[in-house]
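Notes follow once the structure below has been shown.
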Amino acid sequence: MKIYNTLTGKKEEFVPLEGNKVKMYVCGPTVYNLIHIGNARPMICFDTARRYLEYKGYDVNYVSNFTDVDDKIIQKAAEEGVDAGEIASRYIEECKKDMEGMNVKPATVHPLATMEIDGMIDMIRVLIDKGYAYDVNGTVYYRTRKFKDYGKLSKKNIDDLEAGHRDIKVAGSGEKEDPLDFVLWKPKKEGEPSWPSPWSDGRPGWHIECSVMAKKYLADEIDIHAGGEDLIFPHHENEIAQSEAANGVPFSKYWMHNAFLNIDNKKMSKSTGNFFTVRDISKEYDLQVLRFFMLSAHYRSPINFSRDLMEAAKNGLERIATAVANLKYLAENAQPGGMSGEELEKAALAQEFVEKFERAMDDDFNTADAVSAVFELVRFANQNSSGTKAYLEMLLEKILMLTDILGLKVEKHEEMLDSEVDAMIAERQAARKAKDFARADEIRSELLAKGIVLEDTREGVRWKRV
Ligand code: AMP
Ligand code: ZN
């Protein structure tokens, strides 16, 4: 399988460093608020990549941090008059709820920056010893120019960066040896959370966190490092400079970056107010719809969030759920016994859609094409849905296997109350009476998608859950 590697600018064959083990690190959110749907994109895309790697038989160690100390957290804490730890733990809990709703699997480890301070101090000490960092009055800076490969990920030339920073130099940022140097450790200001260190009571810079957590929970050299494309520079560039200078080996073999999610074709931005939290969306849609919407685009293409596209995703997901409920019902009531010769031929045809799905995912996790293959399989199943139990179960298993790789829950995801079912049946009877058969059929499939099967008998309509 191939992965597009930001470091080389090419799609490359994926070969893990060590047997079938995959060491994967995904930069997680800064927890000062509910996560927005932009933050949900890397979560969903890289969770899907992880699921596919697992499907291929890899043993994935998936690490994703929470940044729980940061200016924005401190500011929010001050606004509410509580301490920063309370803000961080509140929004970590909320984030985990959203992740569960989107069916994002918990990481193997979710480290917290504030629990890893010792490791950060150790790495900063190594960088100072090797001449890559220096302390000025309690602030420790990274000596950017000393790292010869600086700019290799973002393809930036260090001299252009210098030009861009000249205004800062003129403004007099003070103590740094060079405007390009970035902070590894900074002294506390009054009222801020702080930890003792050899340089000052203070707190770490953001970039050092990820270098340290990847080293501790994975290795000096990892297979995949991922995050949103805004992290390429400076965050990931700085992580490379820190980790490679400290550890003396390449940091990550593959670098993956998701493109941005926009709203109404404009950049989603908290400051202008055009953004939605995942929680906002969950009030209107099942979060499976949000996940399906995200996966309908390739992770490296920008995606535009709109109500129309969410409605399309909702319908698409319902179409799959209906086919699944239908197959389950048919399989339960079908003749037992093995597949006939003709059914075996159809099974081979169905397998072609599975292979199409795999080809799409093998090509840099092209979920857009993979979703099309699922739709084709569903159409095939709808058109060839009579047969033995073994045959119907084969179709059902294939659809469920593929939707599970995509992390989509398509088995009756909503519990309906008996009274709601009865009300819909009454509406369907009224539609039939009025000869609105299209509406009547629509109600039947809506119910089916929710796992309710209708049987029209001489005594009236009976229903049951499947
Ligand atoms: P942050 O909490 O800002 O550090 O962001 C957490 C993750 O969400 C990072 O990987 C960001 O790149 C990603 N991210 C933030 N905004 C968006 C967006 N609009 N579209 C896609 N990814 C985003
Ligand atoms: Zn990071």
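Hydrogens, waters and symmetry mates are skipped; everything else that's a heavy atom, side chains included, is used. As the structure lists them, so they are numbered: ligands from 1, and atoms in each ligand from 1.
At least one N/O-N/O distance between T30 and ligand 1 falls below 3.5 Å. Checked against a 3.5 angstrom limit, the closest N/O atoms of P29 and ligand 1 fall outside it.
Of the options G38, A40, A259, A226, the smallest heavy-atom separation from atom 14 (N) of ligand 1 is shown by G38. Of the options D70, N39, D230, N33, the smallest heavy-atom separation from atom 5 (O) of ligand 1 is shown by N39.
No hydrogens or angles considered: a donor-acceptor pair under 3.5 Å links the side chains of K215 and N247. Between the side chains of Y141 and D135, no donor-acceptor pair is found at a separation under 3.5 Å.
H235 has its closest N, O or S atom to the Zn ion (ligand 2) at the position named NE2. Atom OE2 is the N/O/S atom of E239 found closest to the Zn ion (ligand 2).
Those atoms of ligand 1 with a heavy atom of N258 less than 4.0 angstrom away are 21 (C), 22 (N). The ligand atoms of ligand 1 that sit less than 4.0 angstrom from a heavy atom of G228 are 10 (O), 12 (O). Taking every non-hydrogen atom of L261 and a distance limit under 4.0 Å, the qualifying atoms of ligand 1 come out as 18 (C), 19 (N), 20 (N), 21 (C). Of all the atoms in ligand 1, the ones that sit under 4.0 Å from a non-hydrogen atom of L231 are 9 (C), 10 (O), 12 (O).
A ring-centre distance under 6.0 Å is not found for Y254 and H225.
Heavy-atom distances between H36 and ligand 1 reach below 4.0 Å in at least one pair.
R145 forms no cation-pi arrangement with Y150, by the criterion of a distance under 6.0 Å to the ring centre and an angle within 45° of the ring axis.
For atom 13 (C) of ligand 1, the closest heavy atom belonging to the protein is P42 CG, 3.8 Å.
Residues satisfying the ring pair (Phe, Tyr, Trp, His ring centres under 6.0 Å) test with Y52, not counting sequence neighbours, are Y55.
In M115, the CE atom is not crowded: 12 or fewer heavy atoms of neighbouring residues, nucleotides or ligands sit closer than 6.0 Å.
Taking every heavy atom of both residues into account, D286 and Q288 meet most closely at OD1-N, 2.9 Å. When all heavy atoms of E12 and N5 are compared, the closest pair comes out as OE2-ND2, 3.4 Å. In plain terms, the two heavy atoms of L127 and Q242 that are nearest each other are CD2-O, 3.7 Å.
At a threshold of 2.8 Å, the Zn ion (ligand 2) has no backbone or side-chain N, O or S atom of H207 nearer than that distance.
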